Amino acid sequence: MVLLSAPRWLRSRLTDRFWRVQEVLKYARHFRGRKNRCYKLAVRSVRRAFVKSTKARREKKRFLRALWITRIEAASLEHGLKYPAFISNLLKSQVELNRKMIADLAIYEPKTFKSLAALAQRRRQEGFLAALGDGKEPEGVFSRIVHHC
Amino acid sequence: VAKTSLTSPPWPEVQLPDPAEEAKYHAEVVQKVNKMIATGQYGRLFAVVHFASKQWKITSEDLIMMDNVLEAECGDRIRMEKVLLVGADDFTLIGRPLLGKDLVRVEATVIEKTESWPKINMRFRKRHNYQRKKIIVNPQTVLRINTIDIFPCLS
């Protein structure tokens, strides 16, 4: 005789509810208040914690870059240069250190940072002189400027 | 004619040093640094290396962990070629952008290849019954920097 449907006294009951609950509570153990003990509150807090950590991983990159820029600005002001001047002149001199490296050098290798600042300053002055030109009038222009000898 | 506020430009006038004298001074400095490197009068060297799309500031006996896979077995010696900067206590060699391969040699050994701790990626939209949870495990490689060598071939 083949029974096609199971009789009513055979029920499938959940046996590992404890471990399913522990899986969630283990991430909530260091929380404050009842959400570190009660499952219903913990589920919501743990979910929010995971979502916040995923978003924070993307913002950490922005935050760290701003921190490096602040540090480089402070260090270059100690040597008499502003941050935009420093970075742009360093890039024009084909030095491709990124901001993380320059910030680390400014903290741990002050002499190296000083030489980088001097390099940027020199490139800046050369740029100004190249832009100003000879100081002569353009050809074919007559003007009444008096030149001091 | 009297000098007014507009006779000279408001920025300070800057004179660059004489190019011939400067070239002489540069040659002297290069000679001195070459001699220092040849005689070995430097202490600990540090280098800035571009590796695995990141820049690292390394010295000898340093540990580095990369968040990706390296196609080398554990115990292989590796030479890092893209060196941006090398420095010691008294001098630094800045590459524009890279230093020559005949000038610097950075050697490293692969120590271990593991996986990162399981990072949890979760997306959730409230009131719409939408949540997705993904566990991301990145392969990692640990390298130990053995030596940084410089050779006196400056010109």
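Everything numeric here is computed off the predicted structure, so don't read it as measured data. Any value given below was found using the heavy atoms of this structure, including those in side chains, with hydrogens, waters and symmetry copies removed. Proteins get letters first, then strands, A, B, ... in listed order; numbering begins at 1 in each.
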Winner by heavy-atom pair count (cut-off under 4.5 Å) against chain A, out of B:D90, B:L84, B:L16: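 Counting heavy-atom pairs under 4.5 Å, the top option is B:L16.
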Most chain A-contacting option - heavy-atom pairs closer than 4.5 Å, from B:R96, B:M122, B:Q55: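 Result: the option with the highest number of such pairs is B:Q55.
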Part of B:F91 lying under 4.5 Å from any heavy atom of chain A: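 Neither part; nothing is under 4.5 Å.
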Interchain contact, B:W56 with chain A, by part (heavy-atom threshold 4.5 Å):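 Interface part for B:W56: backbone (N, CA, C, O).
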Atom NZ of A:K100: over 12 foreign heavy atoms under 6.0 Å: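 Count over threshold, so yes.
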A:F50/A:Y27 aromatic ring centres below 6.0 Å: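 Between A:F50 and A:Y27, the centre distance is under 6.0 Å.
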Residues B:E28, B:K24: salt bridge by 4.0 Å N-O rule: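 Looking at B:E28 and B:K24, the cut-off is not met.
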Geometric class of the A:F86/A:F113 ring pair [parallel <30°, tilted 30-60°, perpendicular >60°]: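 Because their plane-to-plane angle lies in the 30° to 60° range, the rings of A:F113 and A:F86 count as tilted.
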Smallest separation among heavy atoms of A:R99 and A:W68, with atom names: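 Looking at all heavy atoms of both residues, the closest pair is O-CB, 3.9 Å.
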Closest contact, heavy atoms only, B:A72 versus B:I78: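 Nearest pair, atom of B:A72 first, then B:I78: CB-CD1, 4.3 Å.
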Donor-acceptor contact below 3.5 Å, side chain A:K92 vs main chain A:R124: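 Not a single qualifying donor-acceptor pair exists.
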Interface residues of residues 71-81 of chain A facing chain B - heavy atom cut-off under 4.5 Å: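 So no residue qualifies.
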